[in-house]
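What follows is a short report on a single structure.
Start at 1 with the first residue, then count along the sequence. Computed from a prediction, not measured in an experiment: that's the story for all the values here. Just follow the structure's listing: the first ligand is 1, and inside any ligand the first atom is 1.
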Amino acid sequence: MGNVKASRSSSRSASSASRDRLSATLALDQPVSVVPSVSPARAASLRKLGITTVRDLVEHYPRRYVDLSAQVAIAEASIGQLCTIRGRVHRITLKRPKPRLDIVEISLVDDTGLLMITCFRQRWLMESIHEGDLLAVAGKVEFNYGYKRMTNPTIEPVGEQRDTGAVLPVHPATEKLSAKMVRRLVANGLDIVRGLLDPLPVALREKYRLMSRGSALSCIQFPQSMNEVAQARRRLAYEELLLLELFLMTESKKRSEGHHPVAHVVDGAHTAALMAALPFTLTTEQEKARTEMLAALAKPSAANHMILGDVGTGKTVVAAFALAAAADSGSQGMLMAPTEVLALQHGKSLGGMLAQAGVSVAVLTGSTSTQERTQILGDFASGALDVLIGTHALLEDDVVGAAVSVVVIDEQQRFGVDQRARLLVKGDAPDAVYLTATPIPRTLALALFGNLTLSYITQRPHDLAHRTTKVLPRHNEGEAYEEARAALERGEQVYVVCPLVGTSTQQRDERSQATDEPDEGYHPLVAIEGDQDFVGDNAAAAEQEAQRLQEGIFHDWNVAVLHGQMPSADKQEIMERFRTGEINVLVATTVIEVGVDVPNATVMIIEDADRFGLSQLHQLRGRVGRGELSALVYLISASRQEAALARLQALETVDDGFELASYDLSLRREGDILGNRQSGASSLKLVNIVRDGAMVEAAHGDAVALLEQDPTLSLPEHQALAREMRLVFSKDSAVSGG
Ligand code: ADP
Ligand code: MG
């Protein structure tokens, strides 16, 4: 049919051919009901699959394929081979060896032999498959009980006719709309848009040898070979990425539009004085990060600069230069941290250095007294105050600066998108600096933030080779406490970390015990989000543990507790007394996870370490080994499972947070890594950000180049692209426009 239409249009005049192409393109955004065979009832079923427009339908990609070209006869199928077999159902039976276990057994015959198929928990097959049906089954051939057998293969009813080519697409379907019907509707949808215009500029298609969009849609939906699928996917994935990058970049440019972002003075007196005030010299990477960040700040557009580095790599001091640059530019800076402990610590260390550089600093948290708060807000509003450091308290409506031009967000992944946005409106399109210890690969950061400049810091200023991590089963924990006592005798200090007893942790625990398998759903990076230290039982557990230790093994020493539920004044006091050495042993919850800095603390014992994600354990242990003294970290495991111990043992040999995260990183949940999932990235249907890293880079680079050449994408060769971008990212207008 496609051929007939193609030859017909080529015989017409050029202008009517292009009119056809235009109407095919416009059809994309019409309601799906214009597609033949889409009755109102089917339209309703399609809506359940998220399909409302023709575009949605033709982009409803197969979930998998049954490759009929890899088809073998039953007699030829070798054991262990992955293959497709086509045959006729001889018999189908339901077995119930246990009350809640359904097994459907199918015997399939072809001209050469008999294949047994076993399907667990797929009772519904009894209704959809009947004796005499022709099936294609794809899976691994096994041999047992004297038969060739497949267990839980992909099963597709196939007609006698070969209407779908050599590869059978299997689409996501619903109860009311079979995969077969979906296939038919998709084919009808493709017919309507046949000949549609390609939004990708020819230059880019040539550069990467990409199929046209029309061919790619046909090939991914109804391929002749798996290679066609790969080529089609490559083309469509690239398009998804290019559009996303263009969208993110255009959006972030809008942040500056109508505003007056400050082009910062980055070599002024305060920055120079800050450099002179540092008690150390910056490492090469810190210096590079500083230069990159300041270059972004110097531009007359609203910058987004992210500094990524493992715990203890010294990101904070780099960010301090952004705050100093604000002061040099006659404007103000803000720094927001996720916890009070951390905000206070920044106030102390950063505040101290900045003060020496002539930059005035105040700290605002939820527990700042009313009187002090009034004073701070007054100074901030009048411009008397250069830099305001704080917690979420900074987001309150009455926190208004005279001229905020820099905002720094520490541990940015701990804040939601909306919180970050609320800080950004404190200024007139201020430059944003994000600090994160979460290992986000560059490609992922680009894909999710688009217009972002990045600096990575991989090396710590101190050599941490003298920090040793050891996993101990519970019954050997005495060894850890003996070492702790030895350290105390030397005048050093000790952390004991109590696990969370929060619901999420409990559930996870129960789940993994129930299945006895590694828990795939559990994501290490999720564990470090949110204010987990505000969990009731947790505080009680910590207090109990402190008492037990004080009365027992540490009776000669001062033991104190720190947890999230304590009033902030108490927290500060405890931290201060630990810092000065008056407290020898600090029993803490994850409150100490971020930022707390006491170089004399050399031993950390983490109880029930199994309850933490690797990344979180890594963050925690970053609290010791910060000074000249060598440090010991003990991970006490209560689990008897080999796998649990093995997981923890990764920490014995690997000291790189980025690498550790990759142990646990579940590729499907990229969005979680950044806190809230960014809306833009949900447009990606075919892209796997980790696997397609090179493609992300390419699309990012191409988007930058395109916008440099044509900032509004209004050249004739870019108009289709601009239109496509608007349509993809404003679904509502796309629907109402059709
Ligand atoms: P993070 O990247 O985890 O936020 P911090 O900024 O808290 O790390 O820095 C960790 C520690 O290293 C702090 O005590 C800081 O003062 C110190 N530090 C930072 N840069 C250097 C440096 N170049 N030389 C020595 N110590 C440094
Ligand atoms: Mg930090």
Exercise. With atom 5 (P) of ligand 1 as the reference point, say which of Thr316, Thr313, Ile457 has the nearest heavy atom.
Key: Thr316

For [X], take its heavy atoms, then give the atoms of ligand 1 lying under 4.0 Å from any of them.
X: Thr283; value: 23 (N)
X: Lys315; value: 1 (P), 2 (O), 3 (O), 4 (O), 6 (O), 8 (O)
X: Pro461; value: 18 (N), 19 (C), 20 (N), 21 (C), 22 (C), 23 (N), 24 (N), 25 (C), 26 (N), 27 (C)
X: Thr281; value: 22 (C), 23 (N), 24 (N)

Self-check item: Glu285/Lys288 ion pair, N-O < 4.0 Å
Solution: no

Quiz item: Hey, is Glu573 close enough to Arg577 for a salt bridge, meaning N to O under 4.0 Å?
Solution: yes

Practice problem: Check for a donor-acceptor pair, side chain of Asn584 on one end and backbone N or O of Asn558 on the other, with a separation under 3.5 Å. | Solution: yes

Practice problem: Return yes if some donor-acceptor pair links the side-chain N/O of Glu652 with the main-chain N/O of Val471 below 3.5 Å, else return no. | Solution: yes

Exercise. Indicate yes or no: does an N/O atom of Gly314 lie under 3.5 Å from an N/O atom of ligand 1?
Key: yes

Quiz item: Are side-chain N/O atoms of Gln459 and Thr283 paired as donor and acceptor at under 3.5 Å?
Solution: no

Quiz prompt | Distance-only donor-acceptor check, side chains His346 and Thr316, under 3.5 Å | solution = no

Quiz item: For ligand 1, does Arg460 get within less than 4.0 Å through its side chain, its backbone, both, or neither, judged by non-hydrogen atoms?
Solution: neither

